[in-house]
Structure formats: C-alpha cells, structure tokens
Number of protein chains: 2
Amino acid sequence: MNVKVTDSELSILQVLWLYGPSTVREVHEIICLEREVGYTTTLKLMQIMLEKGLVTRDEAGKSHRYTASVKESAVQQSFIGKMLDTVFHGSPSALVLQALGSHETSPEELEKIKALIEQLEAQQRDQ
Amino acid sequence: MNVKVTDSELSILQVLWLYGPSTVREVHEIICLEREVGYTTTLKLMQIMLEKGLVTRDEAGKSHRYTASVKESAVQQSFIGKMLDTVFHGSPSALVLQALGSHETSPEELEKIKALIEQLEAQQRDQ
DNA sequence: ATACATCTACGAAGCATTTCGTAATTTTTT
DNA sequence: AAAAAATTACGAAATGCTTCGTAGATGTAT
C-alpha cells in the first residue's frame, strides 16, 4: 500500500516518469545535469530498485531498459500520507492551508483548486 | 531558512510543541507510549538536537529542561517545500489536489480552504 | 555519611543509504 | 581477430541516523 522511496530513488523515478523507459546511461545523463555523481552509483541504485520492485527492466538488447513500476501519483499520495501523520496531525486542511499560505500560487491554480472543492462539495451533498 | 529534521528528531519536537519545555525524562515517557526505546537514546538525540540548534535547554535545577527552538509551522513549511520540489514539480495546486482528492475532508474544512483562497485572490487583485 | 536512584556525557556498534572502484562481460570499432 | 568502449555485477567504504552500554556526576533517602 505505502510506497517507500528514498531520496535518490525518487530522483531516478522522476526521470523514468518524465522520459519513460530508459537505460541507466540515459537516466544518469539527466541526473548529472543537476548533481555530479558516478555512473556506477546510478547503476547500483537502479539495480537495488529492481530488487525492491520499484522498477522492472527489459534485458533484451545491448543495455537494459528500465521502467518505473510505481505510479507517480501513488508516491505522491504516500508522501502526503506520511506528512499528514508526522507534521499535520492528520488534518488535510492544515496541510493545504500551509501549502497555499506560504507558497506563491497563480490565479489559475487557485481557480483549479476552487473547482475541485466545488466538486467535492457537490459529491458530499449527493450522498 | 530550510529546517532539516530527521524522523526521530521530529517525534521529539512534537512532544515539545505539544507540552512545552520538558525534561528528557518527560519527553521519553511520552515517546515510549508509542515506541519501545532506551532512555539514553532519547537523551542522546536531544543532545544532538541541542548541537544542531533545534532545541535550547535550561541547565538550572536537577535535570535540564529543553525547549523547541524551531516553530512547528516552520517545519511544516520546510516539509511542504521539499515535497513540492521532489514530487510535485513545484506546483502547490498539484499538491493540494492530491491532498484533497485522496483524503477525507469535512465540509467545514473545505469551507476554511475556500475562505483562504478568496482571501488570496483578493490580495492578488490589490497588487 | 553512605547507599541508592537519577541524570548527563560520550564512545561505539548497528543499520540503511549512498558512493565508487574493480573485474567480468558484452558490444563496437579498427 | 584484436583492441577499445560500454555495460553489468558486486564488494566494500563512506556517510548519516539511531541505538544503547558504560562511566561519571548529581541529587535523594536512609
């Protein structure tokens, strides 16, 4: 249920989510744009992620091609769930208030959120 | 700016935020309600937190009395900021949509959030 | 004052994550 | 086919967090 992902595993998943199935080399190139790191480090991490079931790989062809086996939204939810438990006393609204109150949010984004709230309220009325 | 706090440091801060300035013994009692752990473990953690500046302590009297030196809201913000960077592509609305979409939120809480959004929109108009 | 309990300081072991070097294998180039 | 380049597997060191045992200091009770 709850997907556990370390920081560096997350940065690899980010690449896989964004670019789709990729080789170690490809993932490594992207990660190196932000942070100096050895090739075998990325390789080893991806091998560990394979053991843990966070990714799968296709071994046909010259180099292995890795695919994320967890959805980004599942990881997002898992992170939110943990934050709710550990720093927001289980209150989603407290989390939302902090998120909106302290980080710049564009008018368009505010509209999107308002729309979602209307929708949730409509759902609650229907039940 | 960005407060870094580990999991066990967080559980200690939780106690200090909730109960106010406390001794190691007091913090330890509370933590043990949830999780078996040695007294000196809690002690050591709080000493490390002192070095890091996460807490201060009053050394008068029989046992030291520790006080959180970071505000809960600062830690909350720091956590949200990290999540925004690492799993929500910097989009607060994406975070909010996930939080509201996947966790039960009462009508009252939805109202509070709506009120905040109105307020933010008013602010944006004024500028 | 002596014994007992409590508290602090601190070193070090245990654990998970991250890092990389080396060796073996496979692919590509000459 | 031999040399060079790229890839994989894997062991182990480095790091950071957590845990606890031991020793010494401080306070409390007999």
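Letters go in sequence order (proteins before strands), and every chain restarts at 1. Predicted, not measured: the structure shown is a model, and the values here were computed from it.
A:Lys62 places its NZ atom 8 Å from the C1' atom of D:dA5, with the value rounded to the nearest Å. Per the geometry, CD1 belonging to A:Ile48 stands 11 Å off P belonging to C:dT19, to the nearest Å. Rounded to whole Å, atom P of C:dT17 lies 14 Å from atom CG of A:Leu10. Look at CG on A:Leu54: it is 16 Å from P on C:dA16, rounded to the nearest Å. What separates CG of A:Leu45 from C1' of C:dT19 is a distance of 8 Å, to the nearest Å. If you take CE of B:Met49 and C1' of D:dC17, they are 13 Å apart, rounded to a whole angstrom. We find that CZ of B:Arg25 is positioned 8 Å from C1' of C:dC7, with the value rounded to whole Å. Per the geometry, NZ belonging to B:Lys44 stands 16 Å off P belonging to D:dA23, to the nearest Å.
Side-chain proximity of A:Val37 to the nucleotides D:dC20, C:dA9, C:dT19 is greatest for C:dT19. Of the listed nucleotides (D:dG27, C:dT8, D:dT8), D:dT8 has the atom at the smallest distance from the side chain of A:His64. Taking only side-chain atoms of A:Asp7, from C-beta outward, the nucleotide of D:dC17, C:dT18, D:dC20 with the closest atom is C:dT18.
At the heavy-atom level, A:Ser63 lies under 4.0 Å from the strands shown only through sugar-phosphate atoms. Nucleic acid contact for B:Thr40: base, since at least one base atom lies under 4.0 Å from a heavy atom of the residue. Within 4.0 Å of A:Thr41, counting heavy atoms only, lies at least one base atom of the nucleic acid.
Checking A:Glu36 against B:Tyr39, the closest nucleotide of DNA chain C that is more toward the 5' end is the one next to B:Tyr39.
In the model, B:Ser91 has a side-chain atom that pairs as donor or acceptor with a side-chain atom of A:Glu109 under 3.5 Å. Remark: the A:His89 side chain and the B:Glu72 side chain contain an N/O donor-acceptor pair separated by less than 3.5 Å.
The phosphate of C:dC7 has neither OP1 nor OP2 within less than 4.0 Å of any side-chain N or O from B:Arg65. In this model, the phosphate group of C:dT18 is approached by a side-chain N or O of A:Thr6 to a distance below 4.0 Å at OP1 or OP2. A:Arg57 has a side-chain polar atom (N or O) that falls below the 4.0 Å cut-off from OP1 or OP2 of D:dA9.
Comment: B:Glu9 engages B:Lys52 in a salt bridge, judged by a side-chain N to carboxylate O separation of less than 4.0 angstrom. By the 4.0 Å N-to-carboxylate-O rule, A:Glu59 lies too far from A:Arg65 to be salt-bridged with it.
Of the residues A:Val87, A:Asp85, A:Ile80, the one that meets the side chain to side chain contact (heavy atoms under 4.5 Å, CB included) test with A:Met83 is A:Val87.
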